[in-house]
Amino acid sequence: MTDRAAAVPRTPTVARSHGRRGQRRIRALLKHILLIACALMMLYPVLWMVVSSLRPNSEIFRSAGLTLTHLRLENYSNGWNAFSHPFSHYLINSLIVVTGAILGNLFACSLAAYAFARLEFKAKRVWFAIMLVTIMLPVHVIIVPQYVLYSQLGWVNTFLPLIVPKFLATDAFFIFLMVQFIRGIPREIDEAARIDGAGHARIFFHVILPLMVPALATTAIFTFIWTWNDFYTQLIYLTDPDKYTTPLALRTFVDQQSATDWGSVFAMSVVSLVPVFLVFLAGQRFLLRGIATTGGK
């Protein structure tokens with residue numbers, strides 16, 4: 001019986017099915033190869049920087065390859081102690097600015113998003129449209145009036161211009177992201193809380209906010225990355241070297257040296273990337289969940 005079944009030729013339908021299955025496997029394999037190649041292409045500058053941080057200065061710009069012939073760990077110790085303060089001083093300054101920015105965005109943007117998503121007030125659509133327009137407004141357009149304002153307040157050369165605006169919900173992108181998330185939460189939950197006697201404050205802090213964890217995590221991660229890597233705004237407002245953040249310290253490292261120690265520069269660049277990498281790695285689950293949820297509403 002088995003020999004007879006084996007002797008029966010395959011029908012054209014079965015053959016076509018096997019052929020399609022083989023084509024799908026080949027296409028999937030080619031897609032994975034292409035994605036891996038693109039990933040390696042994008043990671044190459046970072047890998048080259050890491051390798052260059054371990055090379056002597058004379059070998060850094062000689063080759064674009066990733067081979068390491070001479071290991072020079074002194075680049076890290078030299079870069080760490082290159083200034084009057086250890087490099088940890090500038091990392092702490094960046095951490096202060098980033099922490100204030102994250103707290104400000106989480107507090108102010110969530111309140112503004114709740115107002116746009118749940119409250120009814122006059123000209124609500126107009127204010128929401130104005131808020132969206134500010135997303136497209138370049139920072140260079142408003143930097144001059146902002147600098148004049150903060151200079152008159154005596155905030156220049158302090159961390160206040162980098163932190164205080166975040167508590168005024170100035171990042172419209174995060175407001176829009178949270179509005180989309182809140183709109184996806186059923187209103188029946190609000191109505192049930194209102195029947196129990198809860199007001200807007202209680203509904204927001206005890207009902208809506210706990211459900212917004214993916215959106216809040218996304219906001220925190222993006223705020224950390226953007227603020228940590230911000231160079232332009234910090235360069236405008238911080239003039240005292242003692243208050244320099246990590247990007248400004250790296251720029252000063254290059255400017256102050258007549259013969260730049262590029263190995264130390266790349267070493268401290270690697271050090272400055274470690275917090276960003278760790279934050280992204282720790283919050284990747286919330287980041288993907290938050291973007292997927294808000295994008296699907």
Calculate, to the nearest 0.5 Å, the distance between atoms [atom1] and [atom2] belonging to [X] and [Y] respectively.
| X | Y | atom1 | atom2 | answer |
| --- | --- | --- | --- | --- |
| Leu43 | Trp48 | CG | CH2 | 15.5 Å |
| Leu209 | Leu216 | CG | CG | 5.5 Å |
| Phe224 | Asn229 | CZ | CG | 8.5 Å |
| Ile163 | Leu103 | CD1 | CG | 9.0 Å |
| Leu91 | Trp228 | CG | CH2 | 5.0 Å |
| Leu160 | Leu153 | CG | CG | 9.5 Å |

Check: [Y] and [X] side chains under 4.5 Å, non-hydrogen atoms:
| X | Y | answer |
| --- | --- | --- |
| Thr227 | Phe222 | no |
| Val276 | Val279 | no |
| Leu54 | Arg72 | no |
| Ser88 | Trp80 | yes |
| Arg27 | Leu30 | no |
| Ile185 | Val207 | no |
| Phe83 | Thr252 | yes |
| Phe204 | Ser110 | yes |

Looking only at side chains, do [X] and [Y] share a donor and an acceptor under 3.5 Å apart?
| X | Y | result |
| --- | --- | --- |
| Thr239 | Asn157 | yes |
| His200 | Tyr114 | yes |
| Thr245 | Asn93 | no |

For this session: Assess whether side-chain contact (heavy atoms from CB on, under 4.5 Å) is satisfied between Leu177 and Phe181, documenting all intermediate values.
Result: CA-CA 6 Å; Leu177 184 143; Phe181 192 92; 5.6 Å; no
For [X] and [Y], indicate whether the former's side chain and the latter's backbone hold a donor-acceptor pair under 3.5 Å.
| X | Y | result |
| --- | --- | --- |
| Asn78 | Ser264 | no |
| His89 | Asp242 | yes |
| Asn75 | Arg55 | yes |
| Ser272 | Ser269 | yes |

Exercise. Passes side-chain contact (heavy atoms from CB on, under 4.5 Å), Trp262 versus Ser52? Steps please.
Worked result: CA-CA 8 Å; Trp262 288 107; Ser52 298; over 6 Å; no
Exercise. Got more than 12 heavy atoms from elsewhere within 6.0 Å of CZ, Phe128?
Worked result: yes
Please confirm whether the ring centroid of [X] lies under 6.0 Å from the ring centroid of [Y].
| X | Y | result |
| --- | --- | --- |
| Phe174 | Trp226 | yes |
| Tyr244 | Tyr90 | no |
| Phe116 | Trp127 | no |
| Tyr237 | Trp155 | no |

Shortest non-hydrogen contact from [X] to [Y]?
| X | Y | value |
| --- | --- | --- |
| Ala28 | His32 | O-ND1, 2.7 Å |
| Asp190 | Arg118 | OD2-NE, 2.5 Å |
| Leu106 | Ala220 | CD2-N, 4.3 Å |
| Ile175 | Met131 | CG2-CE, 3.9 Å |
| Pro247 | Ser94 | CD-OG, 4.1 Å |
| Tyr150 | Pro165 | OH-CG, 3.1 Å |

Exercise. Can Lys124 and Glu120 be counted as an ion pair, charged N to O under 4.0 angstrom?
Worked result: yes
Going only through I, L, V, M, F, W and Y residues with side-chain contacts under 4.5 Å, is there a path from [X] to [Y]?
| X | Y | result |
| --- | --- | --- |
| Leu137 | Ile143 | no |
| Val141 | Leu235 | no |
| Leu95 | Leu281 | no |
| Phe107 | Ile182 | yes |
| Leu47 | Leu71 | yes |

For this session: Could you check Met212 against Met178 for side-chain contact (heavy atoms from CB on, under 4.5 Å), going step by step and ending with a plain yes or no?
Result: CA-CA 8 Å; Met212 290 176 58; Met178 293 185 189; 3.8 Å; yes
Exercise. What's the verdict on side-chain contact (heavy atoms from CB on, under 4.5 Å) for Leu162 and Leu238, showing C-alpha distance, side-chain angles and the deciding distance?
Worked result: CA-CA 10 Å; Leu162 306 174; Leu238 300 178; 4.0 Å; yes
For this session: Applying salt bridge (Lys or Arg N to Asp or Glu O under 4.0 Å), name anything that partners Asp240, two or more places apart in sequence or on another chain.
Result: Lys243
Exercise. Is the NZ or CZ atom of Arg183 positioned over Phe176's six-membered ring, under 6.0 angstrom from the centre and within 45° of the axis?
Worked result: no
